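Whatever order the structure lists them in is the order used to number ligands and atoms, beginning at 1. These numbers come from a predicted model, not from an experiment.
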Amino acid sequence: MNQFIRTQLIKWYLEDHRQLPWRETDDPYKIWVSEVMLQQTQVKTVVPYYIKFLYEFPNLQSLAEANLQTVLKVWEGMGYYARARNLHQAAKTVLNEYAGKIPDNIKLFRKLPGVGEYIAAAVLSIAFHQPYYVVDGNVKRVLARLFKIDAPVNKTASFKIFKDFADKLIDTSNPGIFNQAIMELGAIVCKPKNPECNQCPVHSACKAHQNGKTAQYPKRLSAKKIPEYYIAVGIVHKNNKVLITRRKSDGLLGGLWEFPGGKVMEGEPANQACIREIKEEANLQVEINYYLTRIKHAYTHFKIIMDVFDCNYISGRVRLKGPVDHAWVTIQKIDDYPFPKANHKFIPLLKKSERNCLELI
Ligand code: SF4
């Protein structure tokens, strides 16, 4: 049965797969970049970023020699910025320690920053034709339905079970094509809702389909409620410039710029939280000029509700606690800096605000 599934999947993929830019190359660097981007972002979002990224950094050396801020600016808006920081750092390591040649040994490759099991398997199988299987969300869904696997896909302990199935199924003579085929099947045919089983090359071998139970697979543990945080942020004006601060390089949104602010404490009015946070974070005394807007943004593990205030600088010299750098910039220069997506939700409003329109005149 496994041989039938292998043959059918590969035949189907070779006859009819989506034309995507990273499928037109055998350059390990370009394949690596695509897999890093695809790990947490959808294909249609990745395509323009991938093209832009390779335009800016066409080879490993150009990426390794680039400034991190430039890399983050190109990545800006795609989220999960640790991917960009790690890829940049890994490119430097490959240039310095491996003379610019990406190691095709899994132990060496996995030592590079940001290279986990998925990235290593994807790059080594697709670029170097080595028999490592990938087990991402799409693959787990296909396997769960094909073999009626009852282990919940979102439970850490289930990973080994899916790995064992994938291990037995992979085509060792064509691992890269096989991996791409099963991921493609999960992406466009064996979709989370309403899989198109009549279009599926392996429907005759699929246990969930045969038993009319595709909707029951994959199994999942019920998701925990996502916490919600209130944030107050200030656009601090001084001499026709506004204050921006840079987050430390590691952690969530590491290395990106933002406007100063922070969490609103329980029972605290947002405007007071804004003044307090700016004092604590940047050592500046400010006053609220007016309320600009409220935006909402969802991250993977939490949501934020952010109140944004236009503020006047009153006194103090910037002394940072938390951020690692700051700059006073004109609104026209804001676009030179990489910002998190949540900030981009109000930056256009900021550019249109009365005060900044006057400054632009
Ligand atoms: Fe998925 Fe349906 Fe194919 Fe089974 S037959 S693998 S459920 S698309």
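Closest to atom 1 (Fe) of ligand 1, if we only count protein heavy atoms, is Cys190 SG, 2.4 Å. Of the protein's non-hydrogen atoms, Cys197 SG, 2.3 Å is the one closest to atom 2 (Fe) of ligand 1. Looking from atom 4 (Fe) of ligand 1 to the surrounding protein, the closest heavy atom is Cys206 SG, 2.3 Å. In terms of protein heavy atoms, atom 3 (Fe) of ligand 1 is closest to Cys200 SG, 2.4 Å.
Close approach of ligand 1 to Arg145 is summarised as follows: ligand atoms under 4.0 Å from at least one heavy atom of the residue are 7 (S). For ligand 1 and His203, the ligand atoms under 4.0 Å from any heavy atom of the residue are 5 (S). Within the listing of ligand 1, atoms 7 (S) sit less than 4.0 angstrom from a heavy atom of Thr214.
Residues Tyr118 and Glu35 have side chains that bring a donor and an acceptor to within less than 3.5 angstrom of each other. Neither side chain, Tyr291 nor Asn271, offers a donor N or O lying under 3.5 Å from an acceptor on the other. Under 3.5 Å, the side chains of His237 and Asp310 contain a donor-acceptor pair of N or O atoms.
The aromatic rings of His17 and Tyr13 sit parallel, their planes meeting at an angle under 30°, below the 60° perpendicular limit.
For residue His209, no N/O/S atom approaches atom 4 (Fe) of ligand 1 to within less than 2.8 Å.
Between Glu184 and Arg23 there is a salt bridge, with a side-chain nitrogen of the basic residue lying less than 4.0 Å from a carboxylate oxygen of the acidic one.
With a 6.0 Å cutoff to the six-membered ring centre and a 45° limit on the axis angle, Lys219 counts as a cation-pi contact of Tyr217.
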